[in-house]
Amino acid sequence: MGGLFFVAAVTSLVISAAILWSLFSNGWEFLTEVNWGHVFGSDSWSPRFDEFSIATLLVGSLIVTGIAMLVATPLGLGAAIYLSEYARPGVRTVLKPILEVLAGIPSVVLGVFALIWIAPEVVGRLFGEEHGRGGTMMAAGIGVGILTIPLIASVSEDAMRAVPSSLRQASAGLGARPISTTLRVVLPAAISGVVAAFILATSRALGETMVVFIAGGAADQAQYTNNPLDGSLTMTAAMASLAVGTDQVRGASLAVPSLFFVGIVLFAFTFGLNLIADRFVRRVRQAY
Amino acid sequence: GNSDDDGGGGDGASNLTGSLNISGSSTVEPISSLVAEEFSADNPDLKIAVDGPGTGDGFELFCQGQTDISDASRQIEPEEAAACKKAGIDYVELAIGFDGITVMTNPNNDDVECLSFADLYALTGPESEGFENWSDAQSLASELGSATEFPDETLDLTGPGAESGTYDSFIELALTDIAEAQGLPENQLETTRPDYQSSADDNTIITNIEASDYSLGWVGYAYAEQAGDSVKELEVSAEPNGECIVPSDDTIANGSYPLSRTLYIYVNKAKAQENEAVSAYVDFYLSDLDTWVTETNYVPLPDDQVEETTSAWSSFNGS
Amino acid sequence: MTKVTIGRQSTATEDVPLGQGIEVAHQGEANAASLPVVFTVKDLSAFYGDFRAVRDVTLDVRQHQITAFIGPSGCGKTTVLRCFNRMNDLIPGARTEGTLEYHGVPLYGADVDPVEVRRRIGMVFQKPNPFPKSIYDNVTYGPKLFGTRKRADLEEVVETSLRKAALWDEVKDRLKESAMGLSGGQQQRLCIARAIATNPEVVLMDEPCSALDPIATARIEDLMQEIKTEFTIVIVTHNMQQAARVSDSTAFFSTEVNPESDRRTGVLVEFDKTETIFSNPSDERTENYITGRFG
Amino acid sequence: MTKVTIGRQSTATEDVPLGQGIEVAHQGEANAASLPVVFTVKDLSAFYGDFRAVRDVTLDVRQHQITAFIGPSGCGKTTVLRCFNRMNDLIPGARTEGTLEYHGVPLYGADVDPVEVRRRIGMVFQKPNPFPKSIYDNVTYGPKLFGTRKRADLEEVVETSLRKAALWDEVKDRLKESAMGLSGGQQQRLCIARAIATNPEVVLMDEPCSALDPIATARIEDLMQEIKTEFTIVIVTHNMQQAARVSDSTAFFSTEVNPESDRRTGVLVEFDKTETIFSNPSDERTENYITGRFG
Amino acid sequence: MAFSTIGSSGEAAIHGSVADALRGRRRSDTRGWAFEIGLLASLLICLLILGALILTVVTDGMPVYSDRGWEFLDGGLSSIADRAGISQGIVGSFWIAVCVVVVAIPIGVGSAIYLEEYAPRTKLTSFIELNIRNLAGVPSVVYGLLGLAIFVNTFHGFSGADGIERSTLAAAGVTLAVLVLPIVIITTAEAIRAVPQALREGAYGVGATRWEVIRSQVLPYAAPGIFTGSLLSIARAIGEAAPLIVIGAVTGFFSAGEGLNAQNVTDPSHLSERFVALPSIVTTWAKQPDEEFKVSNAAATIIAMLVFVLLINSIAIVLRNRFEKKRSS
Ligand SMILES: Nc1ncnc2c1ncn2[C@@H]1O[C@H](COP(=O)(O)OP(=O)(O)OP(=O)(O)O)[C@@H](O)[C@H]1O
Ligand SMILES: Nc1ncnc2c1ncn2[C@@H]1O[C@H](COP(=O)(O)OP(=O)(O)OP(=O)(O)O)[C@@H](O)[C@H]1O
Ligand SMILES: [Mg+2]
Ligand SMILES: [Mg+2]
């Protein structure tokens, strides 16, 4: 029996190996044949012009992820604190599902939502109607943010609930009000969990595809821009566009290999973030 | 094991089996899809798939023998033809309808009504790289003999990506000749300025047009029509200060509208012979060309050209 | 009916009247009754939801005395203790009935702020629960809450509290180190220091030694004797010898099984001077318990 | 030096030599030594990873006797007990050194199958841990594992085991109901029934009463006396009076603080006839402990 | 402090001082009050967003159902907006879910059992665990690349087909199964970790072998948790679009048998054919210029998808809460 289960467990290793192999065996062509001047020199991502400005995509991803975190961190953390420190059990069982349902919303749905509602109703109202007529990095960023709220909330809530109630009692026993207990005892004790939540969410936002693809305001090709109210491509959106436009093109230009090249870059980033987050999460586990 | 009677009804369920793969121009895709839909109503067990990655990508596949039929919004190019030949793929080219390319701006833009090819070249050609304002193009335009007054407003340029037939056609129709006249190097004859917001997705183009008051862009006639009043369709003249023509079914069909193009399907002869479904599909396609094309908001061929197409097909199919 | 005599020295054979048997850490019991009453408890019942955890508690806690609660597990000692500073407010559905007055003020009165109550009535818990912060921050946590900001004042508080908690010498060189690094016994004394740092009038202790080894236990028992001159102490303990050693008055709780619900409800069996409880308890259950027939 | 006398009746005044003081549930101690040895333990040490939890354990467990382990918390009682049926194998990194023989067979011998060991040496745990199944399924769990399938046999096993566990009368009408519905005491007796249902030779009990109320405790103590004629029993307890009441031999463990690592390691201080341990222990630490100065 | 002098002063005096001391600043604690409001607000904003989302989708999508109802679900893809239906999408999503159940859940539960019950505390084990936690964080689009390179290009979509016909439903299903595998493993592992050690010891104590303990105690106790985790992972798989696009879901017309009859839906031959699924349809339509596709049809498809996804999710959530309550009491 054990042997069987062991095999099952090992498949996860096989998968990781397969991922790396897929990325590099296909990305290799790009890495070897591309004119690197067009990767670092250029200021536009347009694979069909052999313009592979990775900077454009990185900045795009940076902006979208940044906006997402600005939206998700306060909301997610606030919700987590309320649920773990303030909500009475009854209230909790009513409110928690909100986050869980939100967590269940597929990203395509949020993409469409970002395009047909967030863009006009939120971005349009906040930054001027002309910015709300179509997809922008702002609209996409907000969409991605909404997508990551539940992640931040659940991970940091777990961390705060892991703080032994004896500490809360000690604080209350000294005449501390809930706010002091929360800010001076619980949060500091749970800090690594909260950080982990933040990092995990960042990595999730970085890897989120559909929202940006649908509501990011660009497809297939983008000029370098650092204005959140422009449309542009993130790494993921660029991959999706390449796939839609080219999923059946076999190796004519460097377009398809570039798909895997971006894949490598994206994988590297998220992998790094996940590793760091994992450190923090485990610190929480060891703490008590 | 599917029930043969079905919603489609239609003329005589021949009920073919096997599979049929069509790819190519995203402009033609709706037409071929519609045909496929009706066709599979009669042949429920036949697997048909229609994709629209773009004319260029379509020919890639076609010339690798991966697809049976390739939709195209322009004629096959020499390199592509060569690729087909190399792979020993022989094909018939069938014209099926017209698509106008509509040049658009934002409805709020009252300063521009009509643009000549010269103006378009000045605004979108390779030489215009870096122009931020309409007025930046003024000198180049006048240099080319145009008298159009450009507003001093930021120029938000948007159009299809290089993979789409619309992109190629636009260059062919509007830019290449002038580019040659300007004596540009080879590699710049076939391109626009690289620095514009391009998209494979006509919807993005439309929304980009909507997004800025002094936007400029071009897109397939059908899409522009569907977008309705959210965009402003510009008149076009071939010659500087020439006759401005508004895109419409008539002006396109009678060829007076300079920015219109013919739509094609390319059929792989070998596949047509070995796969009954292919020829049957093409027969069905041509049997009612007018309906398909109009239903999908394109401009049908005049009768004489319909004749040419059908004869071209039957001459191959007959033999 | 035979009996077990457990002697400090097993060689001892001569018999001694029980009373003196107890090592008395407190003289002049005579005037105990004259000391001011801090808590007045009459017919107190405590509920969790609609489960009555303990009932019929009637006793007085007097100033500068150590009052011990003993009794089998689940008899409501902790529950009653936690009513004294309204810690039970933290448990949803917990409530009380009957009289519980603190200097004549009904503790559960409508306009009483539990936070204020806890500022005057400190608590030490069964498991040492220092904050995962430095020793210094642990002790200054309370004072800072109440607005003591000046460094000098804080440092003074830290030293005096740690001295009172007999911990100063062991930690004075490592005040900035994490409290988690201390041994269990040290952590518990730190918690006591933390509790008295805000200079409360009463300190409640819930089995403060149950998690500690014998030596640490002894330290804390001595400590209680020293600080009782400043504070009023109520202590819950499982250990009868401990109660006998340290307390002035003892309340013995037991449980009665409620026939229909067969949940057990705690009752106060007997409350009296510690020596009385241990020498000639008036209730047979008390006797059985202290003679250790039941665990 | 005064001493505490804890008597069955506080009115009793005459002194009685300690020995007889213990209610002796077992006659003819004289030939105890002649009873066959079940476990031979020599210089046993138990480790968790590289932390030595307990060392220098040397004792014999004899058939049809009740052997008690007492000592302060953390001194390794549970650890040693769990070595006796290799329960510690479940804890990663747990291992032993020294001799531990069961009828002369080294329990940790290479070719010994821990599963087989546990089939002969049953265990009852500190917290009652019935399976979330029916009472019937709980008792038959073991026998079914060992291939008893016939309904009749199983039903017989259930009745006899429950009778031995003094639980039959209370549950005979509700065998199919969930065991979780029983009271703590009943659950613990059910666990005993479950353990003896596979009729092992030895039953190990780790503080079987610590979670129970006095009445339940008494029942289980009586129960032990009844079943000791069939089984050999090793019991860990915190409660000295309990050890004194039920056991024939007692092992007293204590802890020594290791100066550098300052982790505490358990040691066997003294092992002897129960009455000896309680009447005149040869080691002063034992004496301090049983006189309850500490803990 | 007010009480240093208590011993000497009279009871009455004290009573007074204590009384107003205790009356306290209950109402004056505005900071704490504002803080709590702020926290609650952030939760309510989430609720608001959820409401807006569902409202938008419903207002845009419902008309399609009120006009065409079953027709929309039963119909096939079409380039005519008011003919277009999503039956092929439903078929695709159905089989994707099947792949998850058949591939991901057995392997996932198996690995979890190994890691929690068998694995020795070795470097390899902790490496496997770390590896799984990282897989859980790999972007879905990267899994798409995996599927494209391995299941499509290398394994020919498990159908032996060539060219674009290698992009089969089977390839997509397996890709998504792989994508949710880490989720299954992690949730199952948590469920198993929640089994009280006392239960295991009880079983070992009467001489059960490791497998007997797992079968008779661990799995039954962990079952609800495992079930919940599996449901959540199915929901996740049904909602994923990016990998499908990368693998090559059909973007135009696509015929896959006809209609939404049980016989057609459950016909396994779909696995070896090219595919669409609900999320890929949403993507294609959301990118059409025609408002009828972009808004109405896309929203209607989303409604269909959300019904599935949220239904599965809420079953899972309710189940878990139910058992959490049971266990805690
Ligand atoms: N938070 C709670 N909710 C519900 N019931 C509780 C709670 N805390 C304690 N009880 C119940 O109240 C009764 C008294 O519990 P309490 O902890 O006061 O006993 P105790 O005398 O302190 O026991 P111990 O000596 O084990 O600490 C018990 O029956 C217990 O089950
Ligand atoms: N699983 C474990 N891993 C590491 N150390 C352990 C483990 N279990 C017990 N210990 C340590 O071994 C020592 C002995 O523990 P053990 O539980 O045997 O003591 P005990 O005498 O049973 O205490 P108690 O009377 O509280 O049950 C203690 O220092 C404890 O911290
Ligand atoms: Mg208690
Ligand atoms: Mg123990």
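Sequence lines set the chain letters: A, B, ... in the order given, protein chains first and strands last, and positions in each chain run from 1.
Across all non-hydrogen atoms, the minimal contact from A:Val108 to E:Gly239 is CG2-O, 3.6 Å. Annotation for A:Asn26 and E:Ala149: closest pair ND2-CB, 3.6 Å, computed over non-hydrogen atoms. The heavy-atom pair separating A:Ala8 from E:Ile107 by the smallest distance is CB-O, 3.6 Å. Considering all non-hydrogen atoms of both residues, A:Ala18 and E:Ile150 come closest at CB-CD1, 4.2 Å. Considering every non-hydrogen atom in both A:Ile15 and E:Tyr143, the closest pair reads CG2-CE2, 4.5 Å. Smallest separation of non-hydrogen atoms from A:Gly263 and E:Leu145: CA-CD1, 3.9 Å.
Within the 4.5 angstrom heavy-atom criterion, atoms from both the backbone and the side chain of A:Ser12 approach chain E. For A:Leu20, no part lies under 4.5 angstrom from a heavy atom of chain E. Using a 4.5 Å cut-off between heavy atoms, E:Ala316 makes no contact with chain A at all. Residue contact with chain A, scored on non-hydrogen atoms closer than 4.5 Å, involves the side chain of E:Arg320 exclusively. Contact annotation for A:Ile146: only side-chain heavy atoms (C-beta onward) come within less than 4.5 Å of a heavy atom of chain E. For A:Leu13, the parts sitting under 4.5 Å from any heavy atom of chain E are the backbone and the side chain alike. Residue E:Val138 touches chain A through both its backbone and its side chain, counting heavy-atom pairs closer than 4.5 Å. For E:Ala235, no part lies near chain A; criterion is any non-hydrogen pair under 4.5 Å. Heavy-atom distances place no part of A:Ser180 under 4.5 Å from chain E, backbone and side chain included. With a threshold of 4.5 angstrom between heavy atoms, A:Val109 approaches chain E through its backbone and through its side chain. When heavy atoms are compared at a cutoff of 4.5 Å, A:Leu102 approaches chain E by way of both its backbone and its side chain. If you measure heavy-atom distances from A:Ile149 to chain E, the contacts under 4.5 Å come from the side chain alone.
Chain E forms more heavy-atom pairs under 4.5 Å with one residue of A:Trp117, A:Phe267, A:Tyr86, A:Phe271 than with any other, namely A:Tyr86. Between chain A and the residues E:Leu181, E:Asp60, E:Thr283, E:Val109, the largest count of heavy-atom pairs under 4.5 Å involves E:Thr283. Heavy-atom pairs under 4.5 Å with chain E peak, among A:Leu23, A:Val101, A:Asp278, A:Leu4, at A:Asp278. Here E:Leu135 is the residue among E:Val142, E:Asn313, E:Val309, E:Leu135 with the most heavy-atom pairs under 4.5 Å with chain A.
Among the residues in residues 204-211 of chain A, those with a non-hydrogen atom closer than 4.5 angstrom to a non-hydrogen atom of chain E are A:Gly207, A:Thr209, A:Met210.
Looking at heavy atoms from C-beta onward, E:Arg133 lies out of side-chain contact with A:Asn274 at the 4.5 angstrom threshold.
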